[in-house]
Chemist: 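Let me begin by handing over the structure; questions about it come next.
Letters A, B, ... are given to chains in the order of the sequence lines, protein chains preceding strands, and every chain is numbered from 1.
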2 protein chains.
Amino acid sequence: MDQSANTHATRALIELRKKIISGDLPGGMRLFEVPLAEDLKISRTPVREAMSRLAEEGLLDRVRGGGFIVRSFAMSDVIDAIELRGVMEGTAARLAAERGVEPEALASITECVRLLDACFGAGPGQVDFDAYEMLNARFHRELAALCGSETVRREVERASRLPFASPSAFLPNRADIDAFRRSLTGAQEQHRAIVSAIAGREGCRAEALAREHARTARHNLEYILVKDRSLIKRVPGLALVVAG
Amino acid sequence: MDQSANTHATRALIELRKKIISGDLPGGMRLFEVPLAEDLKISRTPVREAMSRLAEEGLLDRVRGGGFIVRSFAMSDVIDAIELRGVMEGTAARLAAERGVEPEALASITECVRLLDACFGAGPGQVDFDAYEMLNARFHRELAALCGSETVRREVERASRLPFASPSAFLPNRADIDAFRRSLTGAQEQHRAIVSAIAGREGCRAEALAREHARTARHNLEYILVKDRSLIKRVPGLALVVAG
DNA sequence: GGGATCGGTGGTGTATACATTCCGCGTCTG
DNA sequence: CAGACGCGGAATGTATACACCACCGATCCC
């Protein structure tokens, strides 16, 4: 079944994910098939299917004796998830540098960095945030794939999909634009450096840079959380933290 | 539903896993619900449930439009999976060292190392392999948990469960005992060093040691594969490689 | 003769009825 | 009074019938 398939299970998956992320279904809560099915006006079968996939995503835990509970997240989980993402991406970057990359893949990610540059306008607050976010996600996707290993790519992307470790999860809202732009230009410099290290076959440096990139993300998040939690965008998973 | 639950879905899960691992259901093969259900003398429902979990384990891939195919593994996937395991365990070890560990957790893993020591007899080939294997698995489980983060522990264990990255996956068969014992004593020294580094709060050293431990595993595997593939135990996933 | 359309077939998706299991509560008995 | 047995309800597990969709081949029309 395709993610885009127009099935009840897919709708249920999306609905439930939204409710978990929004805190509507709080962490630790047990989910029962019958009420959920009635809520969504469908039968238990697609609900089970949806819950099974949410368990795969890490949003639900299977419980002994059957059934699921909503996983609980804490601030420390976000920090750890970002740390892990950095480690995994660092490995992808190192392997890419050590093994070498296809010229076209390198060209593609280089182009991606160039496009990210183009998101920055002349003025201090002039950034095309939507474009940046999309391209940033693309950058991290291509980075994961650079090492040429399907296994590594798969696991690195999984680490990025940890509900709260999304590459853009730490981006603040449109408020506080100026400070945010500085943060983004810094991240962009790191993007460039990572690609450069990979192209130069400097494995250790590429790994360290990718880790540093995630660490910057973590610091930004911590800074924002301390300053004003309402600045956080409500992206998947992160809302849980803000709420809790 | 518990892993040990006596349900048709659980039986189907175990059966299918066995068939995939043994190569009976080869990589790339699409799995159809109806024939599998007939084979197992059950209905489609528990078969679906089982396939869904196998997808979670990484043995099956969901295919566009519905259904599953058996994932294909290559030698390079094994190498990469072991590499990733080392990176993840290295992270767990580093975090444990940086953040400090509960005394009882440290005592437990130290005891584990001591028990591993006890697996080695006086003679050159005298090793209690079964005990070693079980304790080795325990060591890696406890190592993953040492950092105190549920998120990290979960992902590290997942990396170890990659079907071909099991800590014991590279252990050769009971043949060639002497060379094998040397390999195990080396691994045991690494175990000891990792715990020591964590206890001494040497984060970087702990990380490097855990990585080195995995790298040793990889080299052993490569050596064995070159020398004689029949020496490999048929552990989950690895059989695929040996067969293919 | 070629292309479009219309079934047929084979597969998953869904609903639903029924089975089973687990847990809690009450009662009965020693 | 305490412990065990049993009953009942609530939840998941399972089977099955049917819906639906995609693919494919054959036929029919242009």
Side-chain angles (χ1 to χ4, degrees), chain A residues 1-20 24-72 154, chain B residues 1-20 24-72 154:
Chain A
M1 187 172 50
D2 197 358
Q3 188 79 336
S4 61
N6 196 13
T7 64
H8 289 171
T10 305
R11 280 201 313 112
L13 173 68
I14 295 170
E15 282 301 310
L16 288 179
R17 192 195 283 133
K18 200 185 305 180
K19 286 186 181 179
I20 294 169
D24 200 350
L25 299 171
M29 181 182 187
R30 177 158 179 192
L31 297 187
F32 297 111
E33 296 174 1
V34 177
L36 288 178
E38 287 172 353
D39 252 26
L40 297 166
K41 308 271 199 301
I42 57 180
S43 76
R44 285 169 49 210
T45 312
V47 172
R48 282 172 74 92
E49 173 78 14
M51 292 201 294
S52 189
R53 294 198 193 184
L54 286 168
E56 204 166 329
E57 290 182 18
L59 284 177
L60 297 182
D61 277 331
R62 291 182 192 269
V63 70
R64 193 203 77 89
F68 299 85
I69 63 172
V70 180
R71 193 168 156 200
S72 298
R154 187 187 183 106
Chain B
M1 185 174 50
D2 199 355
Q3 188 77 336
S4 60
N6 195 14
T7 64
H8 290 172
T10 305
R11 279 201 312 112
L13 173 68
I14 294 170
E15 282 301 311
L16 288 179
R17 191 195 284 132
K18 198 185 305 179
K19 286 187 180 178
I20 293 169
D24 199 351
L25 298 172
M29 181 181 186
R30 177 158 178 192
L31 297 187
F32 298 111
E33 296 175 1
V34 177
L36 289 177
E38 287 172 353
D39 252 26
L40 298 165
K41 306 274 199 300
I42 56 180
S43 76
R44 284 170 49 209
T45 312
V47 172
R48 281 172 74 93
E49 172 79 13
M51 291 201 294
S52 189
R53 294 197 192 185
L54 286 167
E56 203 165 331
E57 289 183 18
L59 285 177
L60 296 182
D61 277 331
R62 291 181 192 271
V63 71
R64 194 202 75 90
F68 299 85
I69 62 171
V70 180
R71 194 168 155 198
S72 299
R154 188 188 182 103

Chemist: Starting at atom CD of B/Glu33, determine the distance to atom P of D/dA15, rounded to an integer number of angstrom.
Modeler: 13 Å

Chemist: Tell me every residue that passes salt bridge (Lys or Arg N to Asp or Glu O under 4.0 Å) with A/Glu38, counting only those two or more places apart in sequence or in another chain.
Modeler: none

Chemist: Looking at residues at least two apart in the chain, or sitting in another chain, which of them share a salt bridge (Lys or Arg N to Asp or Glu O under 4.0 Å) with A/Arg48?
Modeler: A/Glu33, B/Glu49

Chemist: Would you jot down, in residue-number order, the residues of residues 35-44 of chain A having a non-hydrogen atom under 4.0 Å from DNA chain D?
Modeler: A/Arg44

Chemist: Could you check how far CD of B/Glu49 sits from C1' of C/dG13, rounded to whole Å?
Modeler: 16 Å

Chemist: Would you say the side-chain atoms of B/Arg62 pair up with the backbone N or O of B/Ala55, donor to acceptor, closer than 3.5 Å?
Modeler: no

Chemist: Restricting to side-chain contact (heavy atoms from CB on, under 4.5 Å), what partner residues turn up for B/Asp24, sequence neighbours left out?
Modeler: B/Lys19, B/Ser22

Chemist: Establish, with yes or no, whether the OP1 or OP2 oxygen of C/dG11 is under 4.0 angstrom from a side-chain nitrogen or oxygen of B/Arg30.
Modeler: no

Chemist: Give the rounded distance in Å between these two atoms: CG of A/Leu13 and C1' of C/dG13.
Modeler: 15 Å

Chemist: When you measure from the side chain of B/Pro46, which nucleotide among C/dG11, D/dT14, C/dT14 comes out closest?
Modeler: D/dT14

Chemist: side-chain contact (heavy atoms from CB on, under 4.5 Å) with B/Thr45: which residues, sequence neighbours excluded?
Modeler: B/Ser43

Chemist: I want to check something: taking the side chain as every heavy atom from C-beta on, are A/Ile69 and A/Leu31 in contact at a cut-off of under 4.5 Å?
Modeler: no

Chemist: Got a salt bridge between A/Lys18 and A/Glu15, using NZ or NE/NH1/NH2 to carboxylate O under 4.0 Å?
Modeler: yes

Chemist: Identify all pairs in which a protein N or O lies below 3.5 Å from an N or O of nucleotides 21-24 of chain C, and state each distance.
Modeler:
{"unit_1": "C/dC23", "atom_1": "OP1", "unit_2": "A/Arg64", "atom_2": "NH2", "d": "3.1"}

Chemist: Rounded to whole Å, how long is the line connecting atom CD1 of B/Ile69 with atom C1' of C/dT12?
Modeler: 16 Å

Chemist: Might you point out which heavy atoms bring B/Pro46 and B/Ala12 nearest each other, and give the distance in Å?
Modeler: O-CB, 4.4 Å

Chemist: Just N and O in the side chain of A/His8: are any of them under 4.0 Å from OP1 or OP2 of C/dA15?
Modeler: yes

Chemist: Would you mind telling me which residue lines up with the more 5' stretch of DNA chain C, B/Val34 or B/Thr45, judged by nearest nucleotide?
Modeler: B/Val34

